[in-house]
Amino acid sequence: MMQTEDKQISLTDPDARSMATSGRGSGMVGYNVQSAVDTKHHLIVAHEVTNVGSDRSQLSRMSERARAAIGSEAIEAVADRGYYSGGEIVACEQAGITVYLPKPMTSGLYAKGRFGKQDFVYVAADDAYLCPAGEQLPYRYTNEEDGKTLRRYWTTACQGCALKSQCTRGKERRISRWEHEAVLEAVQARLDQNPGRMRVRRQTVEHPFGTIKSWMGATHFQMKTLQHVSTEMALHVLAYNMKRVMRILGVGGLMEAIRA
């Protein structure tokens with residue numbers, strides 16, 4: 001098992017992998033179904049079955065598949081915080097896909113009563129950060145970390161700051177800025193201006209999943225191996241979309257569209 005790439009072996013289904021669930025430290029061995037659903041008719045325009053337990057690497061690929069399926073140059077992709085990845089967001093931005101995606105709060109500083117990075121405001125004109133105490137953190141140097149180019153900022157005024165205990169236990173508070181940080185800031189600003197998009201997401205993509213799970217009897221896939229499970233899911237998606245179109249156009253409208 002330790003010699004495998006992901007340190008996992010399933011004796012029941014060789015392709016199945018551990019998927020994280022909502023419970024802390026819990027998981028389920030199975031598959032991860034990705035889907036892109038249109039907000040108007042709730043039709044599944046693209047889907048994929050993977051055995052990757054995380055959604056973080058799925059955003060740009062699923063967005064591209066959805067764009068190709070609907071034949072549109074410009075689309076908007078709304079996803080939950082489980083899809084948050086700087087590289088994926090930048091890939092979407094470069095491809096002309098407008099992303100609405102909340103940033104997960106992974107830092108434990110707030111729980112400790114200290115300021116987080118979001119409390120520091122970047123001032124582009126000065127290439128500096130403004131801290132909660134009103135001090136500027138100027139740019140110091142650039143380095144690479146985990147393949148990312150990062151710019152580092154700090155000030156020497158921290159020692160005499162009245163808010164130091166709420167900020168850092170070190171000599172000074174240092175802030176890092178990724179070379180594509182402006183793209184991430186634009187995504188956050190876009191979401192702040194349109195907070196209702198996340199409500200629309202829940203009402204859209206969760207609808208088909210809930211319906212299909214209900215049809216399945218809230219049970220597991222019947223097939224094994226990635227290829228066969230993908231086929232099973234494709235049949236569920238086909239049946240779901242056909243039922244949706246019949247509700248929208250009627251049986252006659254569906255038959256007419258098929259003949260066309």
Side-chain angles (χ1 to χ4, degrees), residues 19 31-104 178-213 226-227 229-249 253-254 256-258 260:
M19 304 288 151
Y31 293 91
N32 186 354
V33 178
Q34 301 290 322
S35 71
V37 182
D38 99 280
T39 57
K40 184 177 182 180
H41 298 298
H42 292 196
L43 289 167
I44 301 174
V45 298
H47 81 281
E48 182 180 13
V49 178
T50 78
N51 58 2
V52 179
S54 170
D55 294 328
R56 294 194 186 279
S57 62
Q58 307 292 332
L59 181 65
S60 61
R61 182 168 71 253
M62 288 306 300
S63 298
E64 286 283 11
R65 292 184 65 172
R67 181 164 67 173
I70 65 177
S72 174
E73 283 298 319
I75 67 168
E76 294 182 346
V78 186
D80 64 33
R81 65 184 73 250
Y83 287 84
Y84 199 94
S85 163
E88 290 289 300
I89 293 172
V90 170
C92 287
E93 193 78 13
Q94 292 173 345
I97 298 169
T98 303
V99 174
Y100 291 85
L101 179 60
K103 186 175 183 179
W178 186 35
E179 59 182 324
H180 298 298
E181 196 84 24
V183 175
L184 307 186
E185 291 169 346
V187 170
Q188 186 61 53
R190 192 182 300 139
L191 187 60
D192 290 343
Q193 294 169 5
N194 300 273
R197 293 300 178 98
M198 299 312 298
R199 184 169 59 253
V200 172
R201 186 209 70 82
R202 290 192 296 271
Q203 296 170 347
T204 302
V205 74
E206 301 299 347
H207 173 193
F209 271 134
T211 301
I212 291 174
K213 286 179 181 178
L226 182 59
Q227 179 182 358
V229 171
S230 296
T231 301
E232 182 180 349
M233 188 63 200
L235 291 172
H236 281 300
V237 170
L238 177 61
Y240 171 85
N241 279 342
M242 290 184 71
K243 280 194 169 186
R244 284 296 299 162
V245 173
M246 282 188 278
R247 292 293 297 269
I248 297 167
L249 300 178
L254 173 61
E256 184 178 338
I258 291 174

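Note that the structure is a prediction, hence the values are computed from the model and not measured. Along the sequence shown, residues carry numbers from 1.
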(request) Begin from the C-alpha positions of Arg201 and Glu206 and carry the test side chain to side chain contact (heavy atoms under 4.5 Å, CB included) through to its verdict. (result) CA-CA 8 Å; Arg201 186 209 70 82; Glu206 301 299 347; 3.6 Å; yes

Compare all side-chain heavy atoms of [X] with those of [Y] and state whether any distance is below 4.5 angstrom.
X      : Y      : value
Phe209 : Ser35  : yes
Leu43  : Val245 : yes
Glu76  : Arg197 : yes

(request) Without swapping roles, check the side chain of Glu256 against the backbone of Gly253 for a donor-acceptor pair under 3.5 Å. (result)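 Looks like no, no N/O pair under 3.5 Å.
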
Count the heavy atoms belonging to other residues, nucleotides or ligands that lie under 6.0 Å from [atom1] of [X], then report whether that count exceeds 12.
X      : atom1 : answer
Arg81  : CZ    : yes
Met242 : CE    : no
Gln188 : CD    : yes

Quick check for you: to the nearest 0.5 Å, what is the distance between [X] atom [atom1] and [Y] atom [atom2]?
X      : Y      : atom1 : atom2 : result
Arg244 : His41  : CZ    : NE2   : 8.5 Å
Cys92  : Ile75  : SG    : CD1   : 8.0 Å
Asn194 : Arg199 : CG    : CZ    : 11.0 Å
Leu191 : Met198 : CG    : CE    : 6.5 Å
Asp192 : Glu185 : CG    : CD    : 11.5 Å
Ile44  : Thr204 : CD1   : OG1   : 12.0 Å

Do you know the tightest heavy-atom contact between [X] and [Y]?
X      : Y      : value
Arg61  : Gln58  : NH2-OE1, 2.6 Å
Pro208 : Tyr240 : CG-OH, 3.4 Å
Val99  : Val187 : O-CG1, 3.8 Å
Tyr84  : Leu184 : OH-CB, 3.8 Å
Leu59  : Ile89  : CD2-CG1, 4.3 Å
Val200 : Thr39  : CG1-CG2, 4.0 Å

(request) Decide side chain to side chain donor-acceptor pair (under 3.5 Å) for Tyr83 and Gln34; before the verdict, give the C-alpha distance in whole Å, the side-chain angles of both, and the deciding distance to 0.1 Å. (result) CA-CA 11 Å; Tyr83 287 84; Gln34 301 290 322; 2.5 Å; yes

(request) Take Asn51 and Asn32 through the side chain to side chain donor-acceptor pair (under 3.5 Å) test and state the conclusion after the steps. (result) CA-CA 6 Å; Asn51 58 2; Asn32 186 354; over 6 Å; no

(message) Whether Glu88 and Arg56 form a salt bridge (side-chain N of Lys/Arg under 4.0 Å from carboxylate O of Asp/Glu) is what I want to check.
(response)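 No salt bridge links Arg56 with Glu88.
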
(message) If the threshold is 4.0 Å, N to carboxylate O, is there a salt bridge linking Arg67 and Glu73?
(response)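 No salt bridge links Arg67 with Glu73.
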
(request) Report the C-alpha separation of Val37 and Val45 in whole Å, then their side-chain angles, then the decisive distance to 0.1 Å, and conclude whether the side chain to side chain contact (heavy atoms under 4.5 Å, CB included) test is met. (result) CA-CA 6 Å; Val37 182; Val45 298; over 6 Å; no

(request) Please lay out, stage by stage, how Arg190 and Gln193 fare under the test side chain to side chain donor-acceptor pair (under 3.5 Å). (result) CA-CA 5 Å; Arg190 192 182 300 139; Gln193 294 169 5; over 6 Å; no

